[in-house]
Asks: 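Have a look at the structure that comes next, please.
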Number of protein chains: 2
Amino acid sequence: MRKAFFLTRAEENYIKTIFHLGGNETQLISTNSIAEEMETKPSSVTDMAKRLARKGLVNYVRYQGVTLTEKGKKTALSIVRKHRLWEVFLVKKLDFNWDEVHEVAEQLEHIKSEKLIDKIDELLDFPKYDPHGDPIPTKSGEFQERDKQLLSELPIMAKGVCVGVKDTSSSFLQYLDKNNIALGHSIQILEREDFDDSIEIAIDGRRLHISNQIASNLYVKQHD
Amino acid sequence: MRKAFFLTRAEENYIKTIFHLGGNETQLISTNSIAEEMETKPSSVTDMAKRLARKGLVNYVRYQGVTLTEKGKKTALSIVRKHRLWEVFLVKKLDFNWDEVHEVAEQLEHIKSEKLIDKIDELLDFPKYDPHGDPIPTKSGEFQERDKQLLSELPIMAKGVCVGVKDTSSSFLQYLDKNNIALGHSIQILEREDFDDSIEIAIDGRRLHISNQIASNLYVKQHD
DNA sequence: TCCTAAATTTAGATGAATCTAAAAATAGTT
DNA sequence: AACTATTTTTAGATTCATCTAAATTTAGGA
Ligand SMILES: [Mn+2]
Ligand SMILES: [Mn+2]
Ligand SMILES: [Mn+2]
Ligand SMILES: [Mn+2]
């Protein structure tokens, strides 16, 4: 019998990063891009790429980059699932604000207990999205990106419901809080300023003027 | 300004073990006893003892052993607090049985977020004891052992309420479940067999015969 | 095709956490 | 006081995860 399969915390973090960079597709993810994303050095990434390849989690082509294997994808989805479920737990059950959950979820996602995460899922009534609007993979690994677009790309007078954020930094989320913009709110674009692409929107019966930088970090789903 | 104080998982586990072995008292705890408790080698303990001493968490006397410093005690209490609160959480909120919480709590106790554990405490309504009857230190570090004694040491005909377990192994806890013995139940000793120190008890209106091995792993608080 | 800049890997070092084997210290016993 | 068994420490090795500096490969012009 072969030794029980387990991953270190570092290995899990690499797998997750490769997944977020698109390593679940066909394209190879470069060591440099992984290093940048993880704030580490390319030489460290090379090292880890070899280790992950040896464990059968990535396909590694020297000087080219890596992609996730099927096993790697499954692993990535499981970690993403845990991360997002914990974020929901923190917000719904412990009254954390959506701008303070990420750091803690980064730790909690590495807790090894299938029963634990399934019970958390149940306690939360099997949520489909995390506090930032990102989809939560199911236990069996199904995962579907929501159909959405950036508010900045919505045509004039079109309406959409706010479904997610691209930037999840504290400062951005706090800006949204301060201006009473939250997921689920309906937004209509009233005018667009040619000079700086800032827009005037109607939200909650209020009118609000927001910069392009804000609008290009808010996801909406268009409706009529 | 000095570098932010943080402990690795291994360091936290050593501190906790030294605490459980009585290192909060005056007596020195030997490297051997720590190694045995942690299922590691004495030479590894020596190494760690030096590191912990350098960080000001233990007093280390070569060839003699270690005790916890004030800082070490505070750290130990904080870890024990987290461990026991998580155990309560798993039992009360996620329907874990009391025999399956320890392993998971061993992981959860290392999550670094003061807010998280305070919110869990609040969610549980500030419990005083964990599922095995062990006291939970307060946020400020107050900690008091409950006044209790082993069932095996209770005199004949005396009554006591079951308040804790000494052995927390799955097999022991499952034995108690099977025989419907749980914390809070009242127990009276009816007779004691001289030959093997087994005892006949009354619990819940039932009569039950239990071995000395069982009786010397159950804590009761005597009452009249 | 050749050259060069950028990306990537290799080589060698470090610290944490562990181990084994050997040396040293301690404690109990004649 | 000397011997010996036990405990403890030291020395040296290993694995993981990281780094820096140097070497190598790739890719995009000229
Ligand atoms: Mn997050
Ligand atoms: Mn999120
Ligand atoms: Mn426990
Ligand atoms: Mn316990």
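Per chain, numbering begins at 1; letters A, B, ... match sequence-line order. Side-chain atoms are counted along with the backbone in the values below, which use heavy atoms only and exclude waters and symmetry mates.
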Asks: Can you pull out every ring-ring contact (aromatic ring centres under 6.0 Å, His included) where at least one residue sits in residues 35-92 of chain A? Sequence neighbours excluded, please.
Replies: His83(A)-His102(A), Trp86(A)-Phe89(A), Phe89(A)-Phe89(B)

Asks: Could you give the CD-to-P distance, from Gln64(A) to dT9(C), as a whole number of Å?
Replies: 9 Å

Asks: Side chains of residues 90-98 of chain A: which donor-acceptor pairs under 3.5 Å do they make with residues two or more places apart or in other chains?
Replies:
residue	atom	partner	partner atom	Å
Asn97(A)	ND2	Asp177(A)	OD2	3.2
Trp98(A)	NE1	Asp177(A)	OD1	3.1
Trp98(A)	NE1	Asp177(A)	OD2	3.4

Asks: What is the distance, rounded to the nearest whole Å, between atom CD of Glu36(B) and atom P of dT6(D)?
Replies: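 Checked: the CD to P distance equals 15 Å.
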
Asks: For dT9(D), does either OP1 or OP2 sit under 4.0 Å from a side-chain N or O belonging to Thr31(B)?
Replies: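 Answer yes for this pair, as a side-chain N or O of Thr31(B) is under 4.0 Å from OP1 or OP2.
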
Asks: Under the salt bridge (charged side-chain N to carboxylate O under 4.0 Å, His left out) rule, collect the residues that match up with Lys50(A), sequence neighbours excluded.
Replies: none

Asks: Does anything in residues 12-21 of chain B form a side chain to side chain donor-acceptor pair (under 3.5 Å)? List the pairs, not counting sequence neighbours.
Replies: Glu12(B)-His110(B), Glu12(B)-Lys112(B), Asn13(B)-His110(B), Lys16(B)-Glu106(B), Lys16(B)-Glu109(B)

Asks: How long is the line joining CD of Glu39(A) and P of dC19(D), in whole Å?
Replies: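 After rounding, the reported distance stands at 11 Å.
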
Asks: Name all residues meeting the side-chain hydrogen bond (donor to acceptor under 3.5 Å, both in side chains) criterion together with Glu100(B); count only those two or more places apart in sequence or in a different chain, and write none if there are none.
Replies: Lys115(A)

Asks: Who are the side-chain hydrogen bond (donor to acceptor under 3.5 Å, both in side chains) partners of Thr26(B), not counting sequence neighbours?
Replies: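 By the side-chain hydrogen bond (donor to acceptor under 3.5 Å, both in side chains) rule, Thr26(B) matches no residue at all.
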
Asks: Taking only Lys NZ, Arg NE, NH1 and NH2, and the carboxylate oxygens of Asp or Glu, determine whether Glu87(A) and Arg84(A) approach each other closer than 4.0 Å.
Replies: no

Asks: Residues two or more places apart in sequence or in another chain: which of them pass side-chain hydrogen bond (donor to acceptor under 3.5 Å, both in side chains) with Ser30(A)?
Replies: Ser33(A)

Asks: Assign a letter to each nucleotide of nucleotides 10-18 of chain D from its 5' end: B, base within under 4.0 Å of a protein heavy atom; S, sugar-phosphate only; -, no contact.
Replies: B-----SBB

Asks: Using atom names, set out every protein N or O paired with an N or O of nucleotides 2-6 of chain C below 3.5 Å, distance rounded to 0.1 Å.
Replies:
none

